[in-house]
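Worksheet: one structure, shown below.
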Number of protein chains: 2
Amino acid sequence: MSDHRLQDAIDTLKSSGVRITPQRHAVLEFLLNAMTHPTADEIYKALESKFPNMSVATVYNNLRVFKDIGLVRELTYGDSSSRFDCNTSDHYHAICNNCGKIVDFHYPSLNEVESLAEQVTGFDVSHHRMEVYGTCSKCQSEMAH
Amino acid sequence: MSDHRLQDAIDTLKSSGVRITPQRHAVLEFLLNAMTHPTADEIYKALESKFPNMSVATVYNNLRVFKDIGLVRELTYGDSSSRFDCNTSDHYHAICNNCGKIVDFHYPSLNEVESLAEQVTGFDVSHHRMEVYGTCSKCQSEMAH
DNA sequence: TATTACATTAGAATGCTTACAATTAGTGTA
DNA sequence: TACACTAATTGTAAGCATTCTAATGTAATA
């Protein structure tokens, strides 16, 4: 089902002059199929069996390449490690304070906030970020007991 | 001018059963007077001359105490270290992609987003976070040359 | 095929933050 | 004020995520 997105991503890489190595392909494929927003270490562990010799550095290197090209976004929350999101379409995140689960949700882009911020701060605004924090439904029902 | 805020903060600490030590007082005072959002290390360096024997651990310990009580907020961006903000009133941040400068700005709280997110995700939302990114006016004029 | 540039690897190094155990110092009570 | 109790501080070690480095490997090109 995501063959289409994978092929698009590979085309983007190629046209940027980036080589498609097996490791790079695997990281990309894993990210595209991931329902979650994995950390670098999670990606590394997931591909360990397929690429026993792969280095963590390779994961980081490739994530940076993807990020620079705009294929993935790096999400930095309070916790220690970054998460990576290959869904570059406009969306926001809801994060569970309890279990850390991240759920995507759509909302009309907050352009108004950007233009107000420009007026007030004198910035030339390029983008914004927004998340809501709370308790996910699973944790809510567990807490009820 | 911020004696009032400092006294309020100290009262809050006392009523939470937290002792007011000289180091703690100094960290709190520095944060309240800071126009920026300093890192733990910046606070440590700033107080070095006044408290030559103070440990970095003390800065971190106290910041955590303040955070737990709700006197300060921890800001985590992409860069390596956290920043601390003692302005707990509702406001948002504009961050310069170039120099890292952080400017506060006010905007009516995005309650609507929170309630929509609750409906869509099933979360019980407690709060949200939002920032705009761009180029600050100083960097803009420097880039013009 | 030789060359060149880019990727990967393994491990060392870095930087931020926390953990730990020993010492010091506030705070409430007699 | 003096005492005792307990929290806070200190210095250092440890943990963790991430980046760096140098050597090796691999793909594309002439």
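Lettering of chains follows the sequences in order, A, B, ..., and the numbering in each one begins at 1.
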Give me each pair satisfying side-chain hydrogen bond (donor to acceptor under 3.5 Å, both in side chains) with a member in residues 129-145 of chain A, each pair once, sequence neighbours excluded.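 Listed once each, the pairs are Thr76(A)-Arg129(A), Arg129(A)-Glu131(A), Glu131(A)-Tyr133(A).
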Of all pairs that satisfy side-chain hydrogen bond (donor to acceptor under 3.5 Å, both in side chains), the ones with a partner from residues 44-59 of chain A, not counting sequence neighbours: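 Passing the test, one end in residues 44-59 of chain A: Asp41(A)-Lys45(A).
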Are [Y] and [X] linked, directly or through intermediate hydrophobic residues, by side-chain heavy-atom contacts shorter than 4.5 Å (ILVMFWY only)?
X	Y	value
Tyr92(A)	Val120(B)	yes
Phe84(A)	Val103(A)	no
Val65(A)	Leu31(A)	yes

Quick one: how far along DNA chain D does chain B reach, first to last nucleotide 5' to 3', anything under 4.0 Å to a heavy atom?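 Contact boundaries, 5' end first: dT6(D) to dG11(D).
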Can you name the salt bridge (Lys or Arg N to Asp or Glu O under 4.0 Å) partners of Glu74(B), sequence neighbours left out?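 Salt bridge (Lys or Arg N to Asp or Glu O under 4.0 Å) check on Glu74(B) returns Lys67(B).
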Do the non-hydrogen side-chain atoms of Leu63(B) and Ile43(B) ever get within less than 4.5 Å of each other?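 Yes. Closest side-chain heavy atoms under 4.5 Å.
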Leu28(B) vs Phe66(B) side-chain heavy atoms within contact, under 4.5 Å: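 They are in contact (side-chain heavy atoms under 4.5 Å apart), so the answer is yes.
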With His37(A) as reference, evaluate Asn87(A), Val72(A), Leu75(A) under the side chain to side chain contact (heavy atoms under 4.5 Å, CB included) test and give the passing residue.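 Exactly one option meets the side chain to side chain contact (heavy atoms under 4.5 Å, CB included) with His37(A), and it is Leu75(A).
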Got a list of protein N/O to nucleotides 24-29 of chain C N/O distances below 3.5 Å?
{"residue": "dG26(C)", "atom": "N2", "partner": "Arg19(B)", "partner atom": "NH2", "Å": "3.0"}
{"residue": "dT27(C)", "atom": "OP1", "partner": "Ile20(B)", "partner atom": "N", "Å": "3.4"}

Quick one, give me the B/S/- string for nucleotides 10-17 of chain C, reading 5' to 3', where B means a protein heavy atom under 4.0 Å from the base and S means that only happens at the primed atoms, P, OP1 or OP2. B-----SS
Round to the nearest Å and state the distance from Leu47(A) atom CG to dA7(C) atom P.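 So the CG-P distance, Leu47(A) to dA7(C), works out to 18 Å.
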Kindly assign one of parallel, tilted or perpendicular to the pair His93(A) and Tyr77(A), based on the angle between their ring planes and the thresholds 30° and 60°.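 His93(A) vs Tyr77(A) ring planes: perpendicular.
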Tell me whether the OP1 or OP2 atom of dA19(C) has a side-chain N or O from Asn61(B) closer than 4.0 Å.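 The answer is no; no side-chain N or O of Asn61(B) sits under 4.0 Å from OP1 or OP2.
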